[in-house]
Every structure is written in C-alpha cells, then in structure tokens.
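Remember, predicted model here, so these are calculated numbers, not experimental data.
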There are 2 protein chains.
Amino acid sequence: MTETRVERKERTRRAILDAALHLCEDSSLVALSLRQVAKEVGIVPTAFYRHFESIEALGLALVDESFVSLRAMLRDVRRGEGAAGGFADIVDSSVSILVEHVHQQRQHFRFIARERAAGPPSVREAIRHEIELCERELATDLARLPGTEEWSSDDLRVLSNLIVTAMVATAEAILINARRPDVEKQLAENARTQLRMVLIGALQWRSKP
Amino acid sequence: MTETRVERKERTRRAILDAALHLCEDSSLVALSLRQVAKEVGIVPTAFYRHFESIEALGLALVDESFVSLRAMLRDVRRGEGAAGGFADIVDSSVSILVEHVHQQRQHFRFIARERAAGPPSVREAIRHEIELCERELATDLARLPGTEEWSSDDLRVLSNLIVTAMVATAEAILINARRPDVEKQLAENARTQLRMVLIGALQWRSKP
DNA sequence: TGCTTCGGTGAACGACTGTGCACTATCAGG
DNA sequence: CCTGATAGTGCACAGTCGTTCACCGAAGCA
C-alpha cells in the first residue's frame with residue numbers, strides 16, 4: 001500500500017477543489033453544479049457530500065485557499081519594501097510581485113475577483129472580510145512610512161483602501177488580458193504610475209486635526 | 001381599445017427587463033433561467049422568445065439600459081463641475097451625485113457591478129467596453145482642468161482609470177451597505193478624501209517627456 | 001369584411017439538477 | 001484476525017431546465 005486512508009481522502013478533496021477552481025475559470029460558483037464537479041473529479045455525485053456539505057461550503061474553502069495565495073503575495077511585497085531603497089523602488093518591486101503572483105496563482109485570483117461580486121452571499125462576505133483585513137494590514141504598513149507620522153488612522157485606512165482597490169483592479173485587468181504580454185506590460189506600467197501619483201498626493205497630505 | 005399592439009409588446013418587453021433586473025438583485029445572470037423570468041413576468045416560457053433570442057441577449061439589453069443610467073449620472077457630474085468653484089467643490093458635488101444616482105438606479109448599478117465580473121463573456125465584454133468609453137470621456141474632461149496642460153495623453157488615461165476604478169469601488173460599497181445611512185455617509189466621505197488625495201498628487205505630477 | 005400578422009398558449013421532449021437510501025469494498029484499530 | 005468505520009457506488013425520485021411544435025385569438029391592414 002502506498003497511501004494511507006487520510007491521504008486518499010485528502011487527495012480526493014484536493015481533486016474536488018481543483019476541479020471547482022478549473023470549472024470556475026469561465027463561469028461563477030453560483031452557476032456550478034455538484035454533478036459537474038463530481039464528473040470532473042471522476043466520482044459519483046453523492047460522494048461529493050463526503051467532503052463538503054454543499055457547493056457553498058466548497059466556495060468558502062476556496063476562499064480560504066485563495067487568500068493563502070494572496071497573503072503569500074503580500075509577504076513578498078513586504079520583503080521587497082524592506083530591501084528597496086526609496087518610494088520608486090517600492091512601487092516598482094510591488095507591482096512586479098503583483099504581476100508575478102497573479103500569473104502563478106491565476107485561478108485563485110480569478111476566483112476571488114469573480115466571486116467577490118457574484119458568489120453566494122456568504123462567499124461574498126468572506127472575501128469582503130479578507131480584503132478588509134488586507135487593507136488594515138496595509139494601513140499599519142503605511143503608518144511606518146516616513147511622512148505619515150501625523151496622519152489620522154481614518155486617513156490611513158482611506159489611503160490603504162484606495163491602493164488596494166487600484167491593485168485589485170490591476171489584477172483583474174491582467175487576468176482579462178492573460179496571454180497578451182504587451183498589454184500586460186502596459187497595465188503594469190500604468191499601475192506603477194497610479195501608485196506614484198497616489199503616493200505623491202499622500203506625501204502632500206495633512207490630516208485634519 | 002386603450003393600447004395599440006406595439007405598445008403591448010413594448011410593455012411586455014419592459015416587464016421582462018424589470019423581472020430580470022429584479023431577479024438579478026441577489027444572483028447573477030448566469031444563474032438566471034428563462035423560466036424564472038417568464039414566471040415572474042406572468043407569461044409562458046416560450047413567449048420569452050418573442051422578445052429576446054436568449055438570456056444573453058437579454059443581458060446585453062440590460063447593459064445598454066444600465067449605461068443609459070450611468071451616462072445620465074456623468075452628465076449631472078459634468079453640470080456640477082461647470083457650476084462649482086474650485087477643486088474641493090467639484091469633488092464634493094461629484095461624490096454627492098454619485099451617491100444619489102446609485103440610490104435612484106440601484107438595480108442598474110448592481111447589475112453592472114455584478115455582471116462586469118460574472119456575466120456571460122459577451123456581457124462582460126460589453127460592460128468593459130462601456131466603462132472604457134467613460135474613462136476616455138473623463139480623460140478629455142481632465143485635460144481641460146488647469147494644471148494638466150503638459151500631461152501626456154497616456155497619463156491622462158491612467159489618472160482617469162484610477163478615478164473611475166475608485167468611484168466604481170465606492171458605488172459597489174454603497175450598494176453592499178444599502179439601508180445603512182451612517183455607513184454610507186462614511187463611504188461618501190472616504191470617496192471624497194480619496195479624490196482629493198488623487199487630485200493633490202495629480203497637481204504635482206509632471207509627465208515624462 | 002376578410003385575410004394576414006404575431007404575441008401568447010400548452011403540451012411534450014430529453015437532458016440535467018440536488019438529494020435520499022441501501023449497498024460494497026477496503027483500510028485502521030482492538 | 002476480526003470488526004467497525006467510511007470513501008465511494010448505483011439507483012431512484014421529483015424538479016427544473018431550454019427548446020420544439022401546433023395552435024389560438026385578437027389587432028391591423030386591404
């Protein structure tokens with residue numbers, strides 16, 4: 001025997017997650033049927049229930065998994081910030097890392113981008129919550145940057161929200177234009193310009209007392 | 001007789017559009033069935049075909065209709081800009097108009113926000129195209145603002161994209177928090193702050209030669 | 001007035017949906 | 001080694017789905 005029982009179960013679970021991720025590439029979770037997933041995995045429909053209570057539960061598992069990818073990206077971005085010299089370097093490396101991760105975890109980013117707006121309510125809620133956490137983290141990062149010493153925490157959150165929104169939009173645009181390296185290069189350059197514009201504005205900003 | 005034949009037909013068509021819009025409030029077009037719509041309207045499923053070739057065609061019609069609402073908003077924004085005094089006034093009035101229109105045309109904005117990411121490919125494409133047109137228009141508006149005389153057209157587009165992205169995100173957030181006036185007020189204030197930050201950055205910006 | 005056009009009807013089809021239940025085969029632990 | 005747990009099977013059920021077809025009745029034009 002080469003596999004223990006829990007290993008086999010985990011393998012099937014993974015196969016289900018992968019199948020769902022694959023089927024979600026050009027549709028949404030709400031238009032996904034249990035039977036499609038089962039057929040893709042190569043199991044009988046009822047066996048699905050051995051692993052997930054419903055498609056919605058599957059979706060929540062995919063949210064968790066996808067945000068592992070996203071957080072890995074944020075870790076890389078932070079490491080880049082530590083190594084980089086000035087603002088320009090931070091912007092350049094951060095966008096490069098974004099582009100790279102979107103490529104490597106295309107399915108996860110696509111899933112988040114789509115289900116954020118279209119998934120079952122609980123999935124939407126979960127994604128919204130995770131993104132809010134990311135914004136909060138970014139806000140504390142921004143607080144450490146020179147020039148933001150006197151900012152109110154509200155303003156930090158607002159700036160953080162703007163940056164996250166712009167980067168999410170960039171990721172979506174990259175996903176739409178996958179397999180078009182020229183367009184993608186332009187999108188990355190645009191994202192860098194946007195970040196620079198925002199940071200220039202931020203450096204001039206003074207919070208109201 | 002109170003109604004001519006074309007009037008009756010148009011009335012049914014409207015009823016179908018309204019029913020679809022209503023059913024799309026908490027689901028997506030791809031999870032919408034022809035029979036649901038027909039039942040909601042009060043006609044037999046096959047009668048649907050007298051008005052639309054498919055659900056997808058219905059979606060494209062809804063895109064057209066929704067962007068009529070959105071363009072009406074942009075017209076109001078431009079009128080506000082003409083009347084307003086300085087940058088601060090423009091920002092304040094623009095965001096107010098956004099909030100107001102999102103309320104008045106809740107279903108249309110919700111539809112765009114959702115199907116933009118989750119709709120059938122042709123619907124996504126149509127929405128993407130319309131938003132791009134809006135960005136283009138905003139770019140020409142920005143070109144008329146004092147301080148952007150020396151900007152490259154690329155930079156104008158990039159700034160326009162950033163602003164549109166931020167405003168779309170604001171509209172989505174308002175839709176999520178509908179019926180919570182306190183949250184909504186905060187969101188509007190955040191949007192104003194973001195616009196001010198961006199404009200401050202833009203005023204300092206100099207395009208590369 | 002008579003004929004045509006056409007929005008809407010109703011039955012029928014084959015395919016697909018989620019879910020329940022009884023079953024089997026196999027691995028893990030006593 | 002035997003026994004209980006359990007991942008996966010197979011069948012069945014009642015719905016819903018999109019689409020077809022022949023048909024109806026009233027509006028509109030001649």
In numerical order, the residues of residues 8-30 of chain A whose heavy atoms come under 4.0 Å of DNA chain C are none
Considering all heavy atoms, the nearest A/Pro120-A/Leu29 contact:
CD-CD2, 3.9 Å
Hey, does A/Ser93 have a side-chain heavy atom less than 4.5 Å from the side chain of A/Glu81?
no
Just list the side-chain donor-acceptor pairs under 3.5 Å for residues 177-187 of chain A, sequence neighbours left out, or say none.
| unit_1 | atom_1 | unit_2 | atom_2 | d |
| --- | --- | --- | --- | --- |
| A/Asn177 | ND2 | A/Ala173 | O | 2.9 |
| A/Glu184 | OE1 | A/His103 | NE2 | 3.2 |
| A/Gln186 | NE2 | A/Asn190 | OD1 | 3.0 |

Integer-rounded Å distance: D/dC17 P and B/Glu40 CD
13 Å
From CZ of A/Phe48 across to P of C/dG20 the rounded distance in Å is 14 Å
Would you say the side chain of A/Ile16 lies within less than 4.5 Å of the side chain of A/Ile43, judging by non-hydrogen atoms?
yes
B/Arg5 has a side chain; which of D/dA7, D/dA27, C/dG8 sits nearest to it?
D/dA27
For A/Arg50 and B/Ala47, take the nucleotide of DNA chain C holding the closest heavy atom to each; which residue's nucleotide lies nearer the 5' end?
B/Ala47
Which pairs pass side chain to side chain donor-acceptor pair (under 3.5 Å) with one or both residues in residues 106-118 of chain B, sequence neighbours excluded?
B/Glu25-B/Gln107, B/Ser28-B/Glu115, B/Glu65-B/His108, B/Ser69-B/His108, B/Gln105-B/His108, B/Arg116-B/Glu172
Polar atom pairs between nucleotides 18-20 of chain D and protein, under 3.5 Å, N or O only, would you list them?
| unit_1 | atom_1 | unit_2 | atom_2 | d |
| --- | --- | --- | --- | --- |
| D/dG18 | OP1 | B/Leu34 | N | 2.8 |
| D/dG18 | OP2 | B/Leu34 | N | 3.3 |
| D/dG18 | OP2 | B/Arg35 | N | 3.2 |
| D/dG18 | N7 | B/Arg35 | NH1 | 2.3 |
| D/dG18 | O6 | B/Arg35 | NH1 | 3.0 |
| D/dT19 | OP2 | B/Tyr49 | OH | 2.5 |
| D/dT19 | O5' | B/Tyr49 | OH | 3.4 |

Sequence-distant partners of A/Asp154, salt bridge (Lys or Arg N to Asp or Glu O under 4.0 Å), two or more places apart
none
Length of the CZ-P vector between A/Phe52 and C/dT19, whole Å:
15 Å
With the side chain counted from C-beta on, respond yes when B/Thr170 and B/Ile174 share a heavy-atom pair under 4.5 Å apart, and no when they do not.
yes
Whole angstrom is fine here: how far is it from NZ in A/Lys39 over to C1' in C/dG18?
15 Å
Which pair of non-hydrogen atoms, one from B/Ala188 and one from B/Val95, has the smallest distance, and what is that distance?
O-CG1, 3.6 Å
Figure out the CD/P separation between B/Glu3 and C/dG7, and round it to whole Å.
14 Å
Considering only residues two or more places apart or on different chains, which pairs with a residue in residues 27-77 of chain B satisfy ring pair (Phe, Tyr, Trp, His ring centres under 6.0 Å)?
B/Phe48-B/Phe52
B/Ile43 CD1 - D/dC24 C1' separation (whole Å):
17 Å
